[in-house]
2 protein chains.
Amino acid sequence: MTTDLTTSAPATGPPTLDEVALLAGVSRATVSRVVNESPKVSPEARVAVQAAIAQLRYVPNRMARSLVTRRTDTIALVLSEPNSQVFSDPFFASIVHGVSAALAETELTLVLLTARDAREQQKIARYARQGHVDGVVLMSLHSEDLLPDILTEAGVPLVLCGRPYDGRSVAYVDADNQGGARVATEHLIGLGRSRVAVLTGPMDMIAGVDRHAGWVAATTDAGRRPDPALVAHGDFTEAGGEAAMARLLDQAPDLDAVFVASDPMAVGALRALRAAGRRVPEDVAVVGFDDADVALTSDPPLTTVAQPLDVMTTELVELLGRQIDGRAEPAESRTCPTRLVRRASA
Amino acid sequence: MTTDLTTSAPATGPPTLDEVALLAGVSRATVSRVVNESPKVSPEARVAVQAAIAQLRYVPNRMARSLVTRRTDTIALVLSEPNSQVFSDPFFASIVHGVSAALAETELTLVLLTARDAREQQKIARYARQGHVDGVVLMSLHSEDLLPDILTEAGVPLVLCGRPYDGRSVAYVDADNQGGARVATEHLIGLGRSRVAVLTGPMDMIAGVDRHAGWVAATTDAGRRPDPALVAHGDFTEAGGEAAMARLLDQAPDLDAVFVASDPMAVGALRALRAAGRRVPEDVAVVGFDDADVALTSDPPLTTVAQPLDVMTTELVELLGRQIDGRAEPAESRTCPTRLVRRASA
DNA sequence: TTGAAAGCGCTAACAT
DNA sequence: ATGTTAGCGCTTTCAA
C-alpha cells in the first residue's frame, strides 16, 4: 500500500502539499508560503500554486500544521453545569452567540463543550491538555468546580465567564453585578420609595451574592437598615421568581418597591404581584436585571439594569487571545459596567 | 532555543514520549505500546512506564497521533440554523444530551458547532475537511442547507438528525413522524370525535410536512375528507401554537378534537382554547407530540405521541460509527417508531 | 525569491 | 517482548 512517488498516480487520500507543489512545479516550501500568505513569493509562483490548489481542492491538514506551530486556532467554550437544561438559559445562549460573533471575524473556530459531571470534566481537561484547543472560556456557575484548577495547572489559557466564587487567582470577565444592583436600588430609593425589597439569586452563585451586596450597600448608604424581611432568594428562573415574590409579599406586605435580580425572575415576580392585587408601578415599583441582552418584554415594561453582553464577550475573547499570545498579566480580569435602562413604568 | 538531547534538562514544553522512555529506561515504541494498551508488553516494562508517565504527568499529543492514525476520536454535532435561539429549543437540548450520553461510555469527544449563516457553514466545512473530526451529526432544520452536500462531497462521514427535506441520498435518523401523527389522529377518531383538526408545523420543515401527512392519511382512511379548514400551521413555538389554535377555532368553530404537532405548541394551544372558553377534553380533545422527551406538564395532562429520543441518539452515534469504520451501507438510515402515551385527559 | 533539509510527537511495520 | 526505522503533512531555518 505504499504510494508510488515516481509517478503522478492519483492520490490515495486528500491532496497534500507535495502534490500541489508537484502540479505547480515548485517546492513544498513555496506552496507553504503561498498558503500562509508570505509576501516573499513571486507573483508567477503564487498564481501557479493557487491554480494547483484550486484544481486539487487542496485543504491544509491542520493536525500536521498544529504539530509544528503548536497552535490549533480553535478555542473552547465549556459549560460546566450538571443541569442539562442550562441550554435553555437565555443568558447562556447570549454568551454563546456573542463569543461566536466575536470570533466570526477571526480565523478561529469555536467549539462548545459541556461537562455535566466530574467524569466529563476530566474528559474535557484531557481534551484541552492534549492540545486540541488554544484556550478555553469557562462558564462555571457554581462553586465546586474542578476544571479551573485542572486547566490552570495544566497551563491551558483560561478565562472564566463570571467572577469565581472564591477569590482564586484566575482571569475572568464579569458584569459589575454589585454596581448594577446598587444603581437599581438607588433608583428605587430616588423614586421616593421607602420599603425597597430585593429578590436576589441563590447565594451559591456569585451573581446572586454580588447583586444582593449591591442592594445592601445602597440601602445602607441611604441611611436605612437592610431589613431581612425585605430579602428573598429565587433561583433565577421564572417560577422561582414568582414564588420568591409571593414570599416577599408575605414577609413584608408594606414593601413599595423591589429590585429583581434577573429578568426571568422579574416576569415571575410581576405575575405574583398581579395575583396579589398589587399594581405596578403605582403600588410597587419594580426594577429588573437583564441577563439576556433582550429588552424585557414584560407588562408593564420595566426599567432594568442592562449587562453589556457584547462588551463582555468581546473582552472574553480579547483576554483569552492575550493569554494565548503570552502577552497578558497573570489573572488579568475585567469587570464590565452595567447601565440603567429606564422604561415607561418606573 | 534548541533542546539539548544529551542531558536530561527540564523539558521546554509538555513531556513527550521520548522523555517518558528515557525516564522509564525503555524505547519510544514500548511507551507507545503501554499508552495504547498493547498486550505485548512485559509487566515490568509496563509498570516502569506507567510510573514515568505519572511522574512526568505525560499526556499524549493528539495532533501527532492523529497525523499518523488519521483519527481524531472526536465527532461534531453541528446545528445549522440561522435562528440563534434554537438553543432554547428543548428538542435540541435533548438531542445534545442524548448524543453526549451515548458518547460518555466511549473515548470519543463531542464538539458542538453552530452555523448561523453561509459563512459559518463554510467555516465548519473547512474545519471538518481539515481533519478535526472523524464525522459529523448534522441538525439542519430547514431545506436550503449547503452543509450536507459540502460534507458528503468532501468525504466526511455524516448522519443527519431528521430526514432531509428533499429525497437526497444521505444517512439520517428520524422519528416516525408520519406514523406518530397517524396514530394520534386515529386515537382522536377512535374517541368518537367527528371534527379532528391538526395544528402542524411549518411546511419547510420535514417534521411539519410528515406530521401533516400522517393526519391526512388517518383522516382519509377513516373515510373522511381532509378539510382545509381543519388545518393550521404553527412554527413549533408556544406563541405560534397559541396563535394557530386561535385561527383554527376561527376557521372551524365546530372542531371537537385537535392533534397538535409539538409540545410547546400544545401549551400555547391549551391557552388559546381556554381563552376561547373551550374545555379540554370534554369539548375539545387534544393530543400532543412530545418533542423533548419530557412528559408534558400541561394542565390538563395531555396524551402525547412520544419520540424515542434515547433510541434516536443511540442510532445516530451507532450509524456514524459504522460510517467512520467504513462498515456502513451507503446512506443507511433509521426511522424510529413513536408510541402513544395516554394520560388522564383524553 | 526559492529549494533542501531538519524536525514537530507519534505509530507501525520490521527486525531482533 | 523490545528496539530500530521510516514516515504522517506541515513549517521553518539555512543556503543558494
Side-chain angles (χ1 to χ4, degrees), chain A residues 1-5 11-49 52-53 56-73 129-132 134, chain B residues 1-5 11-50 52-53 56-73 126 129-132 134:
Chain A
M1 195 67 95
T2 48
T3 311
D4 187 358
L5 294 170
T12 310
T16 71
L17 209 59
D18 301 74
E19 301 177 41
V20 175
L22 197 66
L23 181 59
V26 298
S27 75
R28 285 220 300 265
T30 300
V31 178
S32 179
R33 290 187 184 103
V34 172
V35 170
N36 295 303
E37 292 170 325
S38 160
K40 315 162 75 75
V41 178
S42 68
E44 310 86 71
R46 184 183 312 280
V47 170
V49 169
I53 287 176
L56 260 27
R57 315 184 97 274
Y58 168 76
V59 180
N61 179 323
R62 280 273 265 264
M63 301 304 148
R65 178 187 299 203
S66 294
L67 191 55
V68 29
T69 60
R70 261 97 213 325
R71 301 260 306 212
T72 60
D73 292 329
R129 292 198 59 199
Q130 281 170 336
H132 270 287
D134 293 340
Chain B
M1 196 67 95
T2 49
T3 311
D4 185 359
L5 294 171
T12 311
T16 71
L17 210 58
D18 300 76
E19 300 178 41
V20 176
L22 196 66
L23 181 58
V26 297
S27 74
R28 284 222 300 267
T30 299
V31 177
S32 179
R33 289 186 186 105
V34 172
V35 170
N36 295 304
E37 291 169 329
S38 159
K40 314 160 77 69
V41 178
S42 70
E44 311 85 71
R46 184 183 310 281
V47 171
V49 169
Q50 281 164 341
I53 287 176
L56 259 29
R57 316 186 96 274
Y58 168 75
V59 179
N61 179 321
R62 280 275 266 271
M63 300 305 147
R65 184 199 299 236
S66 294
L67 190 54
V68 32
T69 61
R70 261 89 223 313
R71 288 268 232 139
T72 60
D73 292 329
R126 196 156 22 102
R129 291 197 61 198
Q130 281 170 334
H132 270 287
D134 293 339

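Here is how names work: the chains are called A, B, and so on, in the same order as the sequence lines, proteins then strands, and each is numbered from 1.
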Which listed nucleotide ([options]) is nearest to the side chain of [X]?
{"X": "A/Thr69", "options": "D/dT12, C/dG7, C/dC10", "answer": "D/dT12"}
{"X": "A/Val68", "options": "C/dT11, D/dG9, D/dT4", "answer": "D/dG9"}
{"X": "A/Lys40", "options": "D/dG3, C/dT2, C/dC10", "answer": "C/dT2"}

Over how many whole Å does the gap from [X] atom [atom1] to [N] atom [atom2] extend?
{"X": "B/Glu44", "N": "D/dA1", "atom1": "CD", "atom2": "P", "answer": "10 Å"}
{"X": "A/Arg65", "N": "D/dT11", "atom1": "CZ", "atom2": "C1'", "answer": "9 Å"}
{"X": "A/Arg28", "N": "C/dC8", "atom1": "CZ", "atom2": "P", "answer": "15 Å"}
{"X": "B/Asn36", "N": "C/dC10", "atom1": "CG", "atom2": "C1'", "answer": "9 Å"}
{"X": "B/Ile53", "N": "C/dC10", "atom1": "CD1", "atom2": "C1'", "answer": "13 Å"}
{"X": "B/Leu17", "N": "D/dG3", "atom1": "CG", "atom2": "P", "answer": "12 Å"}
{"X": "A/Glu19", "N": "D/dG9", "atom1": "CD", "atom2": "P", "answer": "8 Å"}
{"X": "A/Leu22", "N": "C/dG3", "atom1": "CG", "atom2": "C1'", "answer": "15 Å"}

Per the atom types in the model, does the base of D/dG3 pair as donor or acceptor with the side chain of B/Arg33 at under 3.5 Å?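 Yes.
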Mark yes or no for whether A/Ser32, through its side chain, and A/Arg28, through its backbone, hold a donor-acceptor pair below 3.5 Å.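 Between the backbone of A/Arg28 and the side chain of A/Ser32 there is no qualifying donor-acceptor contact (under 3.5 Å).
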Please confirm whether the backbone N or O of A/Thr72 pairs with a side-chain atom of A/Arg62, one donor and one acceptor, at under 3.5 Å?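 Pair found, side chain donor or acceptor close to backbone of A/Thr72.
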Which sits closer to the 5' end of DNA chain C, B/Ala29 or B/Met63, going by the nucleotide each is nearest to?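 Nearer the 5' end of the strand: B/Met63.
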Please report the interatomic distance [atom1]([X]) to [atom2]([Y]), rounded to the nearest 0.5 Å.
{"X": "A/His132", "Y": "B/Asp73", "atom1": "NE2", "atom2": "CG", "result": "8.0 Å"}
{"X": "B/Met63", "Y": "A/Arg65", "atom1": "CE", "atom2": "CZ", "result": "12.5 Å"}
{"X": "B/Arg46", "Y": "B/Glu44", "atom1": "CZ", "atom2": "CD", "result": "10.0 Å"}

Under 4.0 Å: is that the gap between some side-chain N or O of [X] and OP1 or OP2 of [N]?
{"X": "A/Ser27", "N": "C/dG3", "result": "yes"}
{"X": "B/Asn61", "N": "C/dC8", "result": "no"}
{"X": "A/Ser32", "N": "D/dT11", "result": "yes"}
{"X": "A/Ser42", "N": "C/dT2", "result": "yes"}
{"X": "B/Thr30", "N": "D/dG3", "result": "yes"}
{"X": "A/Arg70", "N": "C/dG9", "result": "yes"}

How is B/Val26 classified with respect to the nucleic acid when contacts are heavy atoms under 4.0 Å: base, sugar-phosphate, or nothing?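 Touches sugar-phosphate only.
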